[in-house]
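As the structure is a computational prediction, the values presented were derived from the model and not from experiment. Positions are given from 1 along the sequence.
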Amino acid sequence: QVQLVESGGGLVQAGGSLTLSCTASGGTFGSFAMAWFRQAPGKERVNVAAISRSGRSTSYEDSVKGRFAISRDNTKNTLYLQMNSLRPEDTAAYYCAADTTGRNWPHYDGMNYWGKGTLVTVSS
């Protein structure tokens, strides 16, 4: 059973930065395609960023391109999301998710495991 635990959320002023971490246990992290999602109050959960198993390939939702960076350290079983130039509209619960099916790229509609989320609040 894979477990994912997010950390690093909090309250930050607009223009500030936060780094989220997601530590995995119970599986071979380097074989998981990973992604970050977020869910703002009253809205659906959406994909924010994704990364291949090796970390060589990444993708971003348009609103966070150039501000957020997804990375992973397979030796530490940890996924990261560096968030810069934060805006009030980035306020949401952020979730990491794993696709453990062996695909190199995560299937957003078929993520196998989810963390419980970490809350990011950006004040104006």
Side-chain angles (χ1 to χ4, degrees):
Q1 187 78 1
V2 174
Q3 292 187 324
L4 303 173
V5 180
E6 302 96 337
S7 61
L11 174 64
V12 63
Q13 288 189 330
S17 298
L18 283 174
T19 299
L20 305 183
S21 299
C22 170
T23 301
S25 60
T28 304
F29 181 71
S31 69
F32 304 160
M34 300 294 296
W36 286 99
F37 293 76
R38 69 183 178 187
Q39 186 168 19
K43 296 188 176 181
E44 293 186 352
R45 187 164 56 189
V46 296
N47 174 252
V48 173
I51 190 166
S52 62
R53 292 183 298 178
S54 68
R56 293 192 190 97
S57 298
T58 60
S59 73
Y60 299 94
E61 191 268 331
D62 285 347
S63 69
V64 307
K65 283 181 181 177
R67 300 189 298 123
F68 289 12
I70 187 172
S71 62
R72 65 192 297 164
D73 186 337
N74 289 344
T75 67
K76 296 182 179 179
N77 294 346
T78 303
L79 177 73
Y80 303 99
L81 185 67
Q82 174 68 44
M83 305 186 295
N84 299 321
S85 302
L86 283 161
R87 305 167 180 170
E89 54 264 39
D90 294 318
T91 295
Y94 284 73
Y95 301 87
C96 71
D99 180 336
T100 66
T101 62
R103 284 185 280 251
N104 188 51
W105 192 255
H107 185 200
Y108 300 156
D109 292 333
M111 306 301 284
N112 306 76
Y113 295 96
W114 293 84
K116 293 184 178 181
T118 186
L119 185 62
V120 172
T121 303
V122 184
S123 63
S124 57

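Cluster membership for Val48 and Leu18, using ILVMFWY side-chain heavy atoms within less than 4.5 angstrom, is shared. Put simply, Tyr60 and Met83 are part of the same group of oily side chains (I, L, V, M, F, W, Y) that touch within less than 4.5 Å, one to the next.
Rounded to the nearest 0.5 angstrom, Ile51 CD1 and Ile70 CD1 are separated by 5.0 Å. Between Gln82 atom CD and Ser21 atom OG the span is 9.5 Å, to the nearest 0.5 Å. Rounded to the nearest 0.5 Å, atoms NE2 (His107) and CG (Asn112) are 11.0 Å apart. To the nearest 0.5 angstrom, Met34 atom CE is 11.5 Å from Ser71 atom OG. In this structure, the separation between OG on Ser17 and CZ on Phe68 is 9.5 Å, given to the nearest 0.5 Å.
You'll find the side chain of Lys76 stays beyond 4.5 Å of the side chain of Phe29, heavy atoms only.
Ring orientation note: the planes of Tyr108 and Phe37 are nearly perpendicular, at an angle over 60° on the 30°/60° scale.
Under 3.5 Å, the side chains of Gln13 and Ser123 contain no donor-acceptor pair of N or O atoms.
Of the possible polar contacts, one joining the Asn74 side chain to the Arg53 backbone as a donor-acceptor pair under 3.5 Å is found. At distances below 3.5 Å, not a single donor-acceptor pair connects side-chain atoms of Asp99 with backbone N or O atoms of Ala33. Distance alone, capped at 3.5 Å, places no donor-acceptor pair between the Gln39 side chain and the Ala92 backbone. Side-chain N or O atoms of Arg67 include one that pairs as donor or acceptor with a backbone N or O of Ser85 at under 3.5 Å. A donor-acceptor distance shorter than 3.5 angstrom exists from the side chain of Trp36 to the backbone of Tyr80, with no hydrogens or angles considered. Not one N or O on the side chain of Tyr95 forms a donor-acceptor pair closer than 3.5 Å with the backbone of Glu6. The main-chain N or O of Ser52 is found under 3.5 Å from a side-chain atom of Arg72 such that the two form a donor-acceptor pair. Within the 3.5 Å criterion, the main-chain N or O of Ala93 finds no donor-acceptor partner in the side chain of Arg45.
A salt bridge between Asp90 and Arg87 is absent, with no side-chain N of the basic residue lying under 4.0 Å from a carboxylate O of the acidic one.
Here the rule is side-chain contact (heavy atoms from CB on, under 4.5 Å) with Arg38, and of Val64, Leu81, Thr91 only Val64 fits it.
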side-chain contact (heavy atoms from CB on, under 4.5 Å) between Val120 and Leu20, worked out: CA-CA 9 Å; Val120 172; Leu20 305 183; 4.0 Å; yes
Phe32/Leu79 under side-chain contact (heavy atoms from CB on, under 4.5 Å): CA gap, chis, key distance, verdict: CA-CA 11 Å; Phe32 304 160; Leu79 177 73; over 6 Å; no
